[in-house]
Amino acid sequence: MNNWEKNIRRVVPYTPGEQPNQQDMIKLNTNENPYPPAPGVAETLKNIETDALRLYPDPVAKDLVHAIAGEYGLSDEQVFVGVGSDDVLAMSFLTFFNSEKPILFPDITYSFYDVWADLFQIPYERPELDEHFHIKKEDYFRENGGIIFPNPNAPTGVSLPLDEIEEIISHNRDVIVIVDEAYVDFGTESALSLIDKYENLLVVQTFSKSRSMAGMRIGFAMGSPKLIAYLNDVKYSFNSYTMNRTSIEAGVAAIKDQAYFHKTCDKIIETREWTKQELKRLGFSFEDSKANFIFVSHANCPAKQLFQALREQHIYVRYFPGGRTDNHLRITIGTRKEMQTFLDFVKEYFKKENLWKF
């Protein structure tokens with residue numbers, strides 16, 4: 001090893017979902033929205049003043065902050081924006097998790113959490129979910145350096161009721177509690193109603209899922225003005241121009257079209273519930289997902305085997321090898337047509353392999 005390598009910070013990086021680029025593929029592996037962004041987004045992009053791109057964007061992204069605050073009934077001082085919720089969450093780790101005590105997050109959850117903790121040298125512990133992939137709230141009623149969990153959880157899709165979230169917060173008033181709500185718009189009650197009651201609560205959401213803008217990278221946090229001020233202090237010490245002009249303008253257009261937002265969310269929820277029934281008929285087991293995906297297993301067909309068979313047909317789902325997730329696939333909810341094609345293939349595959357009695 002060269003001497004200079006001794007000073008390199010080494011981490012095991014997050015592994016993003018596969019991003020294939022094929023004409024005939026059905027992409028159900030990264031929880032993207034199958035519907036296009038709101039019509040106003042396309043109109044905004046069409047009318048972008050390209051000459052303005054030579055100028056720096058507004059460092060405080062005030063138009064986007066104001067639009068989000070107005071939609072959620074908050075003051076501008078209660079909203080923070082970043083380049084996707086990953087950027088917002090990374091900033092939050094850096095800002096709020098500086099105790100020598102371990103932060104807490106579930107053992108099966110968004111796999112970026114332990115990457116950030118390792119990167120920023122934050123001690124952490126991962127309380128185990130129960131046998132149904134549910135958070136055990138009592139595991140968080142102990143001394144710690146901060147708490148973070150998604151609701152609904154990823155990759156399981158399981159939701160924690162709001163009263164249990166409040167119990168966790170009320171037992172942890174001396175640390176920051178972050179509720180990561182990337183999938184909240186697909187059927188879970190947000191913890192946003194608690195931010196005026198608990199100054200130490202930060203709620204993080206994203207435009208990537210329910211607003212069909214994963215390619216734009218827009219995330220935001222909502223909390224007390226004091227928490228948001230601390231986040232901004234770190235942001236401006238790191239990179240003062242995090243949001244580009246195009247994202248700011250497109251984000252404003254997206255947040256304004258609530259009718260379209262609710263319409264597409266309702267379509268995904270309807271397709272998810274229909275898909276659940278069809279999967280049950282095929283012998284799959286899963287917990288009741290409240291996200292835009294379903295985390296499934298099958299007694300007769302190993303997850304890896306089905307993952308590979310689907311992939312050969314250019315149908316992409318997510319497989320999480322190892323540990324308690326090893327025999328599970330996470331299936332994003334696509335359009336009704338895409339889900340029908342997926343289910344038709346699985347049915348034919350099961351018949352061919354004699355894996356299920358019809």
Side-chain angles (χ1 to χ4, degrees), residues 11-20 25-32 86 104-118 124-136 139 148-160 180 182-183 272 275-276 278-334 339 342-343 345-357:
V11 293
V12 178
Y14 170 75
T15 303
E18 186 177 6
Q19 294 292 344
M25 70 177 179
I26 295 179
K27 193 169 182 298
L28 308 175
N29 67 326
T30 50
N31 299 340
E32 293 141 324
D86 287 341
L104 305 178
F105 50 84
D107 67 324
I108 300 173
T109 194
Y110 186 30
S111 54
F112 228 140
Y113 295 164
D114 56 348
V115 174
W116 286 318
D118 288 337
Y124 63 91
E125 294 177 5
R126 303 188 298 180
E128 287 191 2
L129 301 176
D130 69 17
E131 67 274 19
H132 299 292
F133 297 137
H134 289 227
I135 286 175
K136 295 176 283 185
D139 288 344
I148 183 169
F149 56 86
N151 197 47
N153 196 12
T156 65
V158 174
S159 178
L160 189 65
D180 180 358
Y183 304 100
R272 180 191 68 203
T275 302
K276 286 178 184 176
E278 297 300 309
L279 288 170
K280 284 178 182 175
R281 291 191 183 101
L282 292 170
F284 285 94
S285 301
F286 48 87
E287 296 300 317
D288 186 25
S289 173
K290 295 297 183 183
N292 68 331
F293 56 83
I294 308 171
F295 195 56
V296 307
S297 64
H298 199 284
N300 300 334
C301 183
K304 185 177 182 181
Q305 178 182 329
L306 182 56
F307 168 77
Q308 291 173 335
L310 287 162
R311 196 173 185 280
E312 288 171 7
Q313 296 299 309
H314 300 165
I315 301 174
Y316 294 88
V317 297
R318 190 78 186 265
Y319 171 53
F320 294 86
R324 290 199 287 164
T325 63
D326 188 64
N327 197 37
H328 289 76
L329 298 177
R330 191 192 67 192
I331 305 161
T332 302
I333 301 301
M339 301 315 293
F342 159 77
L343 290 162
F345 171 79
V346 172
K347 187 173 183 178
E348 290 305 310
Y349 181 74
F350 279 7
K351 282 181 178 177
K352 184 180 72 172
E353 301 292 325
N354 197 27
L355 294 170
W356 185 248
K357 294 181 180 179

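- Judged purely by atom type and a 3.5 angstrom limit, Arg126 has no side-chain atom pairing as donor or acceptor with the backbone of Ile108.
- Once rounded to the nearest 0.5 Å, the distance linking CD of Gln19 with CG of Asn29 reads 6.5 Å.
- For the pair Asp288 and Lys276, the minimum side-chain heavy-atom distance is below 4.5 Å.
- Using cut-offs of 30° and 60° on the angle between ring planes, the pair His314 and Tyr316 is parallel.
- Nearest heavy-atom pair, Pro127 versus Asp139, reported as atom, atom and distance to 0.1 Å: CB-CB, 3.7 Å.
- The CG atom of Leu104 lies 11.0 Å from the CD1 atom of Ile135; values are rounded to the nearest 0.5 Å.
- For Asp118 (side chain) and Val11 (main-chain N/O), no donor-acceptor pair under 3.5 Å exists by modelled atom type.
- The shortest heavy-atom contact between Pro13 and Val115 is C-CG2, 4.0 Å.
- Across all non-hydrogen atoms, the minimal contact from Asn300 to Leu355 is ND2-O, 2.9 Å.
- In this structure the side chain of Ile333 reaches within 4.5 angstrom of the side chain of Met339, judged on heavy atoms.
- Of the residues listed (Phe295, Phe286, Tyr319, Phe307), the one engaging His328 in a ring pair (Phe, Tyr, Trp, His ring centres under 6.0 Å) is Phe295, and it is the only one.
- With hydrogens and angles disregarded, a donor-acceptor distance shorter than 3.5 Å links the side chain of Trp356 to the backbone of Arg281.
- Across every non-hydrogen atom of Asn327 and Pro302, the tightest pair is OD1-CA, 3.3 Å.
- Asn153 places no side-chain N or O within 3.5 Å of a backbone atom of Val158 that could act as its donor or acceptor partner.
- Within the model, atoms NZ of Lys347 and CD of Glu278 stand 8.5 Å from one another, a figure rounded to the nearest 0.5 Å.
- Contact detail for Val317 and Leu329: the closest heavy-atom pair is CG2-CD1, 4.1 Å.
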- Task: List the steps, then state whether ring pair (Phe, Tyr, Trp, His ring centres under 6.0 Å) holds for Phe284 with Phe350.
- Result: CA-CA 12 Å; Phe284 285 94; Phe350 279 7; 5.7 Å; yes
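- No more than 12 heavy atoms of other residues, nucleotides or ligands shown are found within 6.0 angstrom of NZ on Lys304.
- Separation of atoms CZ (Phe133) and CG (Asp107) is listed at 9.0 Å; rounding is to 0.5 Å.
- Side-chain atoms of Thr156 and Thr109, non-hydrogen and from C-beta on, never get closer than 4.5 Å to each other.
- Here the closest non-hydrogen pair linking Asp326 and Ala303 is O-CB, 3.9 Å.
- The aromatic rings of Phe345 and Tyr349 sit parallel to each other, their planes meeting at less than 30°, with 60° as the upper class boundary.
- In this structure, CZ in Arg330 is found 7.5 Å from OG1 in Thr30, a value given to the nearest 0.5 Å.
- The side-chain heavy atoms of Tyr110 and Asp86, taken from C-beta on, include a pair separated by under 4.5 Å.
- Residues Tyr183 and Phe293 bring their aromatic ring centres within 6.0 Å.
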- Derivation and outcome, side chain to side chain contact (heavy atoms under 4.5 Å, CB included), residues Ile148 and Tyr124: CA-CA 11 Å; Ile148 183 169; Tyr124 63 91; over 6 Å; no
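- Side-chain atoms of Arg324 come within 3.5 Å of backbone N or O of Leu129 as a donor-acceptor pair.
- Within 6.0 Å of atom CG in Asp130, more than 12 heavy atoms from other residues, nucleotides or ligands are found, so the atom counts as buried in its surroundings.
- In this structure, the side chain of Arg272 engages the main chain of Ala291 through a donor-acceptor pair within 3.5 Å.
- Residue Leu310 is tested with Leu28, Val346, Ile26 for a side-chain contact (heavy atoms from CB on, under 4.5 Å); the sole match is Val346.
- The CG atom of Asn292 sits 5.0 Å away from atom CG of Asn31, with the distance rounded to the nearest 0.5 Å.
- Between the side chain of Thr325 and the main chain of Phe320, a donor-acceptor pair closer than 3.5 Å is present.
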